[in-house]
Amino acid sequence: MAQEDVFKKIVSHCKEYGFVFPSSEIYDGLAAVYDYGQNGIELKNNIKQYWWKSMVLMHENIVGIDSAVFMHPTIWKASGHVDAFNDPLIDNRDSKKRYRADVLIEDQIGKYEDKIAKEVAKAAKKFGDSFDEQKFCETNPRVLENKKKRDALQERYAEAMGAMDLEGLKQIIIDEGIVCPISGTKNWTDVRQFNLMFSTEMGASADSSMKVYLRPETAQGIFVNYLNVQKTGRMKIPFGIAQIGKAFRNEIVARQFIFRMREFEQMEMQFFVKPGTELEWFPRWRETRMKWHQALGFGAENYRFHDHEKLAHYANAATDIEFRMPFGFKEVEGIHSRTDFDLSQHEKFSGKQIKYFDPATNESYVPYVIETSIGVDRMFLSIMCHAYTEEQLENGESRVVLKLPAALAPIKLAVLPLVKKDGLPEKAREIIDALKFHFNCTYDEKDTIGKRYRRQDAIGTPYCITVDYDTLKDNCVTLRNRDTMEQERVSIDCLNSLIEDKVSIASLLKKLQ
Ligand code: GAP
């Protein structure tokens with residue numbers, strides 16, 4: 001099945017099974033805004049717990065905060081967001097549709113890559129086992145021509161973006177013959193800058209009201225609380241501050257479901273270090289974060305680093321962790337060495353000293369910062385994409401199963417009475433009452449056991465137990481494993497010890513040590 005079709009299925013599965021709904025759906029929705037349903041919120045909370053505990057519980061020198069969405073507007077001037085948090089936009093005069101110029105160009109680069117991949121796939125099919133991909137790519141004229149075009153375009157594009165040369169971006173769109181996907185024409189306006197921050201008014205009257213922004217990242221809430229936390233927590237450098245919270249960006253090209261949203265959630269950690277040591281800490285955090293991702297067991301081949309060659313003016317190292325989504329490798333997390341840019345800017349704009357006094361050396365300095373920044377929603381999407389599986393069973397039936405890591409699954413155990421009479425429902429409820437303090441359980445008595453298993457498979461419940469007539473005699477139940485579908489007879493008294501360890505967040509955290 002084409003990856004595009006797989007992705008469509010994942011999106012509709014998310015809706016059908018209560019994971020993600022389009023926002024305001026009965027009013028025809030609100031673009032790039034989504035709501036999490038009854039199963040989605042459980043998965044999302046588990047992702048957040050896994051991250052929070054891996055940062056705050058597992059590091060003695062990392063603490064958490066929860067800062068407000070609204071902040072003093074000067075913060076966004078200091079951080080550079082008012083002047084430079086822009087996307088280059090272009091309109092098509094015929095369709096009246098608005099696009100991000102950089103996205104149009106990146107799509108064009110993608111087209112050259114697709115052409116190369118198609119040539120390779122065609123040749124691989126033709127030559128079978130004797131196919132030498134490297135040699136083919138180095139010699140095939142069509143591959144070489146497309147590579148040349150791609151590389152030249154990439155170079156021009158990087159140059160124009162680096163200099164924010166808006167005319168240059170438009171010229172690339174014209175030279176490449178890029179057309180509007182709706183009108184099919186090349187009738188483009190000039191490229192303009194568009195600030196991504198949402199703003200609103202704070203205060204009751206028009207005279208006294210102040211323009212404030214909805215934060216476009218949670219990081220600035222950490223920077224402006226650096227001194228508060230350092231002093232009240234008596235933190236010694238190196239130390240980190242972690243935060244999970246909503247961020248808002250007026251994204252123009254909102255695509256790929258919850259990959260790019262206008263309201264989303266970030267999990268960010270700023271790690272404050274002594275100047276000059278940041279490039280020792282950067283690779284450590286790079287590895288630590290990759291280990292966190294890979295502990296989920298999705299396979300190392302589905303992740304890669306994308307080290308930035310062109311760095312923002314305030315950064316001296318940067319990398320993205322990318323995950324293989326059905327629409328290609330995409331950024332899920334960024335790790336940046338941000339120097340002392342943010343704290344120094346806040347010193348300058350607030351007029352307050354933001355220094356660390358090192359009692360060991362009698363030195364005062366503005367700390368340098370390593371930032372790890374991951375989107376909760378993107379992480380959620382990557383997990384759903386990897387977990388969604390369609391399986392053909394030996395008995396000729398098929399099933400859709402979400403192979404979620406057990407520790408992240410919304411529900412850990414479904415308790416199913418074989419029939420809804422003769423004391424079996426009561427026994428099932430008794431089991432839930434004993435286990436509900438340890439993990440999330442659900443009860444289901446409707447339809448055949450087979451149908452009930454399928455419903456739990458579709459939401460990723462790792463374990464089901466069936467309560468039958470023998471249970472009333474021997475106090476045992478049938479425990480069924482979601483992935484293997486194997487069943488075993490176990491004593492009710494052993495259920496907690498059998499299941500809890502496998503479904504707890506601690507089971508994931510132990511892999512990080
Ligand atoms: N403080 C640094 C920062 O915000 P970023 O690369 O702009 O860096 C970090 O964002 C992460 O936030 C991204 O890797 C991504 O996972 C998530 N993210 C950014 N924009 C997003 C959007 N519009 N929708 C969903 N997630 C987004």
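Whatever order the structure lists ligands and atoms in, that order sets their numbers, starting from 1.
- In this structure, the ring of H13 has its center less than 6.0 angstrom from the ring center of Y388.
- With D91 as the partner, the salt bridge (charged side-chain N to carboxylate O under 4.0 Å, His left out) test is satisfied by one option alone out of R192, R100, K96: R192.
- In summary, the side chains of S67 and Q243 do present a donor paired with an acceptor at a separation below 3.5 Å, with no hydrogens or angles considered.
- On a distance-only criterion, Q266 and ligand 1 share at least one N/O pair closer than 3.5 Å.
- Looking at atom 9 (C) of ligand 1, its nearest protein heavy atom turns out to be S373 OG, 3.0 Å.
- Checked by atom type, the side-chain pair D377/Y36 shows a donor-acceptor distance below 3.5 Å.
- The shortest N/O to N/O separation between M261 and ligand 1 falls below 3.5 Å.
- When each of F282, W285, F239 is checked for a side chain to side chain contact (heavy atoms under 4.5 Å, CB included) with F271, only W285 meets the rule.
- Residue-level proximity to ligand 1 for R262 is absent, since no heavy atom of it falls below 4.0 angstrom.
- Close approach of ligand 1 to E371 is summarised as follows: ligand atoms under 4.0 Å from at least one heavy atom of the residue are 1 (N), 2 (C).
- Residue D320 does not touch ligand 1, judged by heavy-atom distances below 4.0 Å.
- Annotation: Y314, atom OH; neighbour count of heavy atoms from other residues, nucleotides and ligands within 6.0 Å does not exceed 12.
- Ligand-side atoms of ligand 1 in range of R249: 3 (C), 4 (O), 5 (P), 7 (O), 10 (O), 19 (C), 20 (N), range being under 4.0 angstrom from any heavy atom.
- Annotation: the span from L508 atom CG to Y50 atom OH amounts to 5.0 Å, rounded to 0.5 Å.
- Heavy-atom distances between V332 and ligand 1 reach below 4.0 Å in at least one pair.
- Between D501 and S507, the side chains place no donor N or O within less than 3.5 Å of an acceptor N or O (distance only, hydrogens not considered).
- The residue from K330, R215, E268, Q256 that puts a heavy atom closest to atom 3 (C) of ligand 1 is E268.
- Annotation: F264 places no N or O atom under 3.5 Å from an N or O atom of ligand 1; distance criterion only.
- Proximity of R260 to ligand 1, defined as any heavy-atom pair under 4.0 Å, is shared by backbone and side chain alike.
- Of all atoms in ligand 1, listed by their number and element, those nearer than 4.0 Å to a heavy atom of F259 are 24 (N), 25 (C), 26 (N).
- In this structure, K511 places its NZ atom where more than 12 heavy-atom neighbours from other residues, nucleotides or ligands lie under 6.0 Å away.
- Looking at E176 and Y112, their side chains do bring a donor and an acceptor atom within 3.5 Å of each other.
- Between the side chains of H293 and E333, at least one donor-acceptor pair of N or O atoms lies under 3.5 Å.
- Counting only heavy atoms of the protein, atom 15 (C) of ligand 1 lies nearest to R378 NH1, 3.5 Å.
- Every N/O-N/O distance between H336 and ligand 1 stays at or above 3.5 Å.
- Under 4.0 angstrom from ligand 1, there are no non-hydrogen atoms of M379.
- Protein heavy atom nearest atom 17 (C) of ligand 1, with residue, atom name and distance: G375 CA, 3.7 Å.
- When each atom of ligand 1 is checked for a heavy atom of E331 under 4.0 Å away, the hits are 6 (O), 13 (C), 14 (O).
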